[in-house]
Asks: 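Dropping a structure here in structure tokens format, bear with me for questions.
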Amino acid sequence: MSHGGGFEPRRYVIGQFAGPEAMLDATRKMRERGHKKLDTHTPYPVHGIEEALGLGRAKIPTIVLCGAITGACLAYALIYFMNVVDFPINVANRPIHSAPANIPIMFELSVLLGGTSSFFGLMALMRLPEPYHPVFEAESFWRASIDGFFLSIEVPKGQSPEAVAAELKSLSEVSVEIVEESER
Amino acid sequence: MSSHDQDPLQDHPEDHARSTPSGNGASSGSPRRISLPIVDEALAATEAASGAVREQRKYWRSIAEKEGSPKLAAAAQREFPPGASELPEVSRRSFMKLFGGGAAAAGLAACHPSDEQAIPFVRRPEEVTPGNALHFATAYGVEGYGLGLVVESHEGRPTKIEGNPDHHDSLGATGRYEQALLQGLYDNDRAKQLKHKDEPLSWHTFLSQMATLSGRHAADGGAKLRFLTEPTASPLQLELRKRILEKFPKAKFTSYSSIAGDGAADGLRLAYGKYVEARHELTRASVIVSLDADFLGEGPESVRAMRQFAGGRLPGAPMNRLYVVEPALTVTGMSADHRLRLRAGDVAGFALALAAELGRRPGFAQLAGIASGGHGVTAGDPKWISAVASDLIKHRGQSLLIAGRRQSAAVHAVVAALNAALDNVGTTVTYATPLLADPLSGPKALAPLAEEIAAGQVDTLVITAYNPAYTAPADLKFDKLLARVPNAIYWAAYEDETAAVSSYVVPAAHALESWGDARATDGTISLVQPLIAPLWGGHTDIEILGAFLGEGDLSAYEVLRRSWAAKQASVPGATGEFDQVWEKWVGDGVIVGTETSPEAALTLDAAAIQQGLGALLAAGPKGAGVEIAFVPDYKVVDGRFANSAWLQELPDPVHKITWDNAALISPAMAKSLGVEVERDNDKFSVLVIEYKDRRVHAPALIAPGHADDSITLALGYGRTGAESVASGVGFNAGVLRGSDAPWFDRGAQVSLATGMHLFGLTQNHWSMENREPAIATSLADFQNPRSEARELLEERRAALPTIHEPHDYSKEQYKWGMAIDLGKCTGCSACIVACQSENNIPTVGRDQVVRGREMQWLRVDRYYSGELEDPEVIVQPLACVHCETAPCEYVCPVNATVHSDEGLNEMVYNRCVGTRYCSNNCPYKVRRFNFLDFTSETPAVRRLGMNPEVTVRSRGVMEKCTYCVQRIERKRIDTRVAGRLIEDGELKTACQQSCPAGAIEFGNLNDLKSRVTKAQADERRYDLLHELGTRPRTAYLARVRNLNPELAKG
Amino acid sequence: MLWARTPYARAMETPVEQPLEFDHRHHTRDEGIDCRYCHNTVDKAPFASIPPTQLCLNCHSQVWNKSPLLEPVRKSFIDNKPLVWNRVYKVPEFVYFNHSIHVGKGVGCVTCHGRVDQMAAVEKQTPLTMGWCLECHRNPEKNLRPVSEVTNMTWHAEGDAEESGRVLAEKNDVHTRTSCTTCHR
Amino acid sequence: MASTATSASTTRDPLEPIPLIQGVQTDESLNTSLLDHVWRSPGKGWWTLFGLALAGLGLLVIGVTVTLWKGIGMWGNNIPVGWAFGIINFVWWIGIGHAGTLISAILLLLQQKWRTSINRFAEAMTLFAVICALLFPLIHTGRPWFAAYWLMPYPSVQGIWPQFKSPLVWDVFAVSTYFTISLLFWFLGLIPDLASLRDSSKKPLQKTIYGMLALGWRGSGRHWAEYKWAYLLLAGLSTPLVLSVHTIVSFDFAVSILPGWHTTVFPPYFVAGAVFSGFAMVVTWMVPARQFLGLKHVVTMKHLENMNKVILATGLMVSYGYAMEHFIAWYSGSQYEFDEFFQVRMRGPMAPVYWLMMFCNVVVPNIFWFKKARTNLLIMWVAALLVNVGMWCERFNIIATSLHRDFLPSKWELYAPTWVDWSIYIGTIGLFSTLFLLFLKFVPAVAVTEVKELRHELAHQAHGHAEEAHG
């Protein structure tokens, strides 16, 4: 484990709050003070988090819509090609191309592609699975999934984490920790 | 990918017994290989597969693979006992003798001796073209007469049996038994080893022993030499007989068949003073009265009778009218316009009553006299009788009365008198000198022989009759007697009950392995030629009889040829080089001009009848109590076909029983006995029937239309021989049978036994539930355009509204369709066996039938209507009707059943995954599913008889009637190569070809002149389940009943 | 899916061992013997059929009748034990292929069997998959030739193959079908 | 600390007469109490049940092996009864599956608070039911080794395709989609809980396993933002999916021409039936589960009562379906239809099944008109059980009974299941139970995260109200 390869560890300031409200408040303030790379860590979605972090509109819905539409079109095209174009067979003298018979599969495929795209789209957006993340270095971070409310700030190069930590402390009742990405 | 999954057999298109399941599932697993040189050899000898023999060997190896398990390997070894390996030698030797054995003419491909096929690939015979079938004419008969056959053969392996159109009794059709011959030929259970007291014996040793024997008998003129043969009309047999009797003047021949009736011979003798036999001409008969005669269902005349009878069932032309008097429903009874149920014993009473009734009418005084001889014995509803009488008088000269084989001499005599009085003799019935060797050949004929044996007057008994130890009347204890005969020489088809007690067992060559000759019922002679070398070195009865003339080493072929060479002159028009004449005879299958003409000057001796009657009636069965009546079974006859799975699984034409016989009783009798019915009308109480000192346990079956206080028992079951299929099926009704009253007698005690019996019925439901799938109407109604019946017919063929235009097939060259005439169909069920044979349909066994998994593609539905005690019956053959808008097709997920360009509803076995959805959605329920692997354990030898043109279906695959598409495609290719169209009538489906009544028409609906198009345009035409809009290609023609106004109900 | 499409999976393009060194090149090219001399049922039966030993000896009783190469043939003829060839072209057991109709309507041997006249040992040239059959059954034109030329290994339509095909289809009354029962029964 | 009788007003939702969460709970207390059973080594009860389940599974293995080895002939099916136990069980299981999706998806869309404590449970049930269902379409075919892929549209060397007019092909798509979506939906909801499992696990092995499953979830606000949407959308998709799936299953019958199958009322009536049987199944499992897993404080009587109300409602819909069937059979004037319903089903050899169905599905649910019944554990459990039986009988009626006597009396046959049929059926119940018990052991049976969220919301509201009261 040499410190070679010009490895630049990311540094984080992590504050744990008593409850969601305090956390939200601090988040907002820190953002107003021009901190960019903020993120919160909570056991359950906290109301107003988007606004506090200043996030835009969610992207998932668009992705899912595309998926669904693709599915429907794909289904119809598939059936049309197979039963009408490539090998039309006289089945019980029914019309070779009969739209009503295609509807069920169109629907199913649109749901399938819609659904899968929502899941895998989400994974892509969240960059998960990601087994390691520097914030896990924090002592008490394990509470984040149980009852802890955290705010993490990635400290840009050139800035000193201590300063940021101090700044955070000055804002509210919080226990602050500074962690550094470990090389792997 | 699936299309190339390896199948043990897939790699030789020239392998003709496509005897592994189709589709690829069958080939899973790595089969163990065991080498069966004997299998290879023996079958190589029998098989003349084309192409490289390697394929053939590979084929047999793959059989070995199939039978890779030790158990099966052992079985395979058993198939080929020691001695089998020398088969090829035997064949080749006899081949040298047989060489040049006749060639076919009359549109039949050239014929060649079967033995040459033992050595196929080194020198290929001229006429063998790989993959093209040949056809050979021959003949076969159950009751002494021969029915002309044409046998299809693929590279020397008989694969299908058809009727010979030029034959007087066949007219191109066959019955159930002929169709099933193939199974008898390729039957592993056949007797294979010549034995003396279980010591294997070579043919030569046998011959020498026979020589010494006959030497000994010659000393005393054969005083202790007896022959027990089947009833036969074969000229060659008669000739041998004559010569044997010349050599052994004191020897005796006895003809015996347990199903032959002696009443006719004696009755006619009484009437005409000498033995004559009756011949019936139904075409000329407009009123037919059957007295317990099942002339449509059984007997040497039945195939022709059906065609002739059916000819008179068209409402367009003058129709015939059939009255039937019988105890239990028969094929004839089902076709009757009026049926009177009477105990078999009361039929005599009916005959006399009818005679008396006619006697009261002007001009029939003579009959009155005869009737008076009956001393007041009478039976039957007077109203009915008088109606029949009037009808008979009305059609004087064109009426016909037939008495059944079971009936006594008295009945036959009276019937003869009636026919004479009604001027029918010479028109609808003629009398001729008997063709059969012995006029009397029924159970009674056996009694004298039995006495002689008992008295120790028989040293040597040569038995070529079928299984007397089993079929003989119980009181003779014939099996015990046989054991006492020092030299009982049994010509055994199987190691059956008789073989078990005979000192010599000579394996019989199968009819399709034998040379010989036979006579039709009009005397026309057919030559019988072999289609294949004896599979297990069997010998013909000719050779055995020959042994007593010191000609045992002569082959049957030689004996036959010699005798005909000598007789050539006697045949009118048979002039010229004998070889050519011979070849024509063999090729045609009939020797034209050999029919015998009926006796011209016969005078009925009324007085004799009048005197004779009393005695006869007195001798006949009488007394009170329940009547037991025996019938030859519709499937196994007297047991001789009991080892044919096709016939065992064939639903009984009337009661739809498979793999069983039953005690048939009337509903009323069932009630009085307290017979219980469980499950879905297919589980019945078991009865104990006691008669004299004999008793049997017999499961009851309620038979609508059966006479009360009478039990009908079918013979031929409860076999105990070494026949794997036959043994243990049903019960042996024969144990009740006495030689004094072999057919029926009263005084049986019947009681309920404990326990129930579950029948393998293919149809448990009697009623049509007011749905009228099979339409029958009276002539009167049919002729009235405004009648309900006519409206129903109209409605069931009217065009139905549809949301999208039906596909247009009129542009196609062919548009296949079928028409089935319910007016003609008698329900005889020959078509089912034909279909089974043509399409390699497996049999599934009793348990599977019970579960409702029978595989026959074609079924014949039977419905009762009216009151249960005396119902009207209608039968309806039903296979896939090839709907144009087939419900089965659109539900199949994999395109395994679709429509062809010519409108066939195709079933693609190798694509089918077996969801069974198609069957669920088929309103006719004509699809069949391979629930288990029904095919892969088919014995190697059995596969030789399979149709190479039809894929054998694997487990988990749906199958159904294809309109014999393999025949269509072959004919199409042949005609297209020849650059012409298929003509109407040159293409027949298997069912159509076998149908004796000619009830089935098949052909091209785009050809306006074709028979099927005409049939479908008939006024009686209607579509089954028409209201569902399935547009079936098979149309039905309603049955029209020609009712007698005097009797018409309501 | 791809695997099934490789020549290997289809047993193509691999010469097959035979019990004796029979060389089609020699017989067809050098001696100019017509295919139908040996495969003499090809135009009247489903099977082209592999010739009986007797047929080999028609010639080889005269020519090369001492050649050791032909020992197996003589042996087969003398002790009546057939020659055991190895099959090259296999169709599944549920497929009913009929040579006579194809030959009769002008499909050349070479179309399916390739340049047999250039093969020392015969090898499978075509996949024989259902898809492959269908191609031709859907539009046969490009595979048609005058019936007189069916055994010609080198025949080529002069001019536009498609066009001449159409003419021939007309002339030979070619009527290909894709209904299942055409091949599956 | 699982459940304390004294319900503190702090967490009382004024709109909810009965509290959804009982006792004073903190996030941590909930966490420990709800995950407790995962850490606790299973008790005797669990082991005995698991043993039984495994035995059942064994039966399944035997049954399936025999079927594949010898063929469908080992079942009771015949001609005419081409479909029987196989499809009956298929439909039955699918139906059961549906309730799960509905509970979690629809209730989520309707913002039903009481959903949270049972949705995880229900989703798991869906998943396992669908697994059981999926088994049947495959093994019921004659040649599964082909059915497995010939129904899929792939470019084969035969150049032939599936036949898309066949409802069976629709089924393939519907059921496989349904399984995939249910799985994703379930797993997505599970991720945060897996994270809390990871973080509260004591042993390193557990930590790594749950860690992997949690995919490195760190409750990031940015993630939550998208996550909520994704979850909502999946729910949104699942709802119509459920309806479509059972509609398509009903097409298998409705599209045919068989009397008793050929009915337009099928789609809605099948869906209703599905929910009906599904909720019944949830109750059958929930009643004992909440007992043994100590979930009484989250799965309260209120939840059970609500479910019983749904059972009552859907039961009435099903009854309406039956009424319609019979009415149309008479009104259509089709003799086949009429005989099917008024002869074959009511009086035929299989009538007992029909009447049992009528009792279980039409009579029994009406007991839930009474609050006593709705809130009595024993009564509701028995009733739910009966409903499950009834719904199985319904499928038997529709499939086997309709088939065994259709158009032509000549081919009417009885149907009787064999031991293989039974062992496979019981076997799937074994499979279901096995999976379910494993689920109960290794995964939080209740959506911890959502309960915490709910608690937080409720606390908030309560707080608000408290202030109003003061002011």
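Computation of the quantities below employed the complete heavy-atom set of this structure, encompassing side-chain atoms and omitting hydrogens, waters and symmetry-equivalent molecules. Proteins come first, then strands; the chains are lettered A, B, ... in the order of their sequence lines, and each starts at number 1.
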Asks: Heavy atoms, side chains only, cut-off 4.5 Å: are Phe179(D) and Val175(D) in contact?
Replies: no

Asks: With a 4.5 angstrom heavy-atom cut-off, is it the side chain or the backbone of Leu184(D) that approaches chain A, or both, or neither?
Replies: both

Asks: Check Lys37(A), Arg11(A), Lys36(A) against Glu154(A) for a side-chain contact (heavy atoms from CB on, under 4.5 Å) and give me the one that passes.
Replies: Lys37(A)

Asks: Please flag which part of Pro100(A) lies under 4.5 Å from any non-hydrogen atom of chain D: side chain, backbone, both or neither.
Replies: neither

Asks: Tell me, side chain or backbone of Lys452(D) under 4.5 Å from chain A's heavy atoms, or both, or neither?
Replies: both

Asks: Measuring heavy-atom distances to chain D, does Glu130(A) have an atom under 4.5 Å in its side chain, in its backbone, in both, or in neither?
Replies: both

Asks: Is Thr27(A) close to chain D through its backbone or its side chain, or both, or neither, when contacts mean heavy atoms under 4.5 Å?
Replies: neither

Asks: Assign the ring pair Phe253(D) / Phe266(D) to parallel, tilted or perpendicular, where the plane angle (0 to 90°) is split at 30° and 60°.
Replies: perpendicular

Asks: I'd like to check Phe107(A) versus Trp170(D) (side-chain heavy atoms, cut-off strictly below 4.5 Å). Are they in contact?
Replies: no

Asks: Check the orientation of Tyr149(D) and Tyr154(D). Use parallel for under 30°, tilted for 30 to 60°, and perpendicular for over 60°.
Replies: tilted

Asks: Indicate yes or no: at least one non-hydrogen side-chain atom of Leu55(A) is less than 4.5 angstrom from one of Arg222(D).
Replies: yes

Asks: Please classify the contact between Pro167(D) and chain A as side chain, backbone, both or neither, with a heavy-atom cut-off of under 4.5 Å.
Replies: neither

Asks: For each of Val91(A), Ile89(A), Ile49(A), tally heavy-atom pairs with chain D at distances under 4.5 Å, and name the one with the top tally.
Replies: Val91(A)

Asks: Please tell me if the side chains of Ile79(A) and Val84(A) come closer than 4.5 Å, counting only heavy atoms from C-beta onward.
Replies: no

Asks: I'd like to know which of Leu109(A), Leu122(A), Val135(A) tops the heavy-atom pair count under 4.5 Å against chain D.
Replies: Leu122(A)

Asks: Would you call the rings of Tyr227(D) and Trp224(D) parallel, tilted or perpendicular if under 30° counts as parallel and over 60° as perpendicular?
Replies: perpendicular

Asks: Pick from Glu453(D), Arg218(D), Glu450(D): which one has the most heavy-atom pairs with chain A under 4.5 Å?
Replies: Arg218(D)

Asks: Does the side chain of Pro153(D) reach to within under 4.5 Å of the side chain of Phe164(D), using non-hydrogen atoms?
Replies: yes

Asks: Do you know which of Pro45(A), Ala101(A), Pro129(A) has the most heavy-atom pairs with chain D at a distance under 4.5 angstrom?
Replies: Pro45(A)

Asks: Below 4.5 Å from any heavy atom of chain D, which atoms of Val111(A) appear? Answer side chain, backbone, both or neither.
Replies: both

Asks: Is it the side chain or the backbone of Ile248(D) that comes within 4.5 Å of chain A heavy atoms, both, or neither?
Replies: side chain

Asks: Name the option with the most non-hydrogen atom pairs under 4.5 Å to chain D; the candidates are Glu50(A), Met123(A), Arg127(A).
Replies: Glu50(A)

Asks: Hey, are the side chains of Tyr132(A) and Glu181(A) touching, using non-hydrogen atoms and a 4.5 Å cut-off?
Replies: yes

Asks: For Ile96(A), which atoms come within 4.5 Å of any heavy atom of chain D: side chain, backbone, both, or neither?
Replies: backbone

Asks: Is Leu197(D) close to chain A through its backbone or its side chain, or both, or neither, when contacts mean heavy atoms under 4.5 Å?
Replies: neither

Asks: Pick whichever of Gly114(A), Pro61(A), Ala52(A) has the most heavy-atom pairs under 4.5 Å with chain D.
Replies: Pro61(A)

Asks: Is the closest side-chain heavy-atom distance between Pro104(A) and Phe173(D) below 4.5 Å?
Replies: no

Asks: At a 4.5 Å cut-off on heavy atoms, which part of Phe136(A) comes close to chain D: side chain, backbone, both, or neither?
Replies: side chain

Asks: Scan side-chain atoms only and decide if Asp39(A) and Ser152(A) contain a donor-acceptor pair under the 3.5 Å cut-off.
Replies: no

Asks: For Thr180(D), which atoms come within 4.5 Å of any heavy atom of chain A: side chain, backbone, both, or neither?
Replies: side chain

Asks: Do you know which of Ser244(D), Ala225(D), Ala195(D) has the most heavy-atom pairs under 4.5 Å to chain A?
Replies: Ser244(D)

Asks: Side chain, backbone, both or neither: which part of Arg143(A) has a heavy atom under 4.5 Å from chain D?
Replies: side chain

Asks: Parallel, tilted or perpendicular: which fits the ring planes of His97(A) and Tyr76(A), with parallel below 30° and perpendicular above 60°?
Replies: perpendicular

Asks: Between Ile146(A) and chain D, with a heavy-atom cut-off of 4.5 Å, which part of the residue counts as in contact: side chain, backbone, both or neither?
Replies: both

Asks: Is chain D contacted by the side chain of Glu21(A), its backbone, both, or neither, given a heavy-atom distance below 4.5 Å?
Replies: side chain

Asks: Identify which part of Tyr80(A) has an atom lying under 4.5 Å from any heavy atom of chain D, answering side chain, backbone, both or neither.
Replies: neither

Asks: May I ask you to test the Thr40(A)-Leu53(A) pair for a side-chain heavy-atom distance under 4.5 Å?
Replies: yes

Asks: With a 4.5 angstrom heavy-atom cut-off, which part of Gln163(D) approaches chain A: side chain, backbone, both or neither?
Replies: both

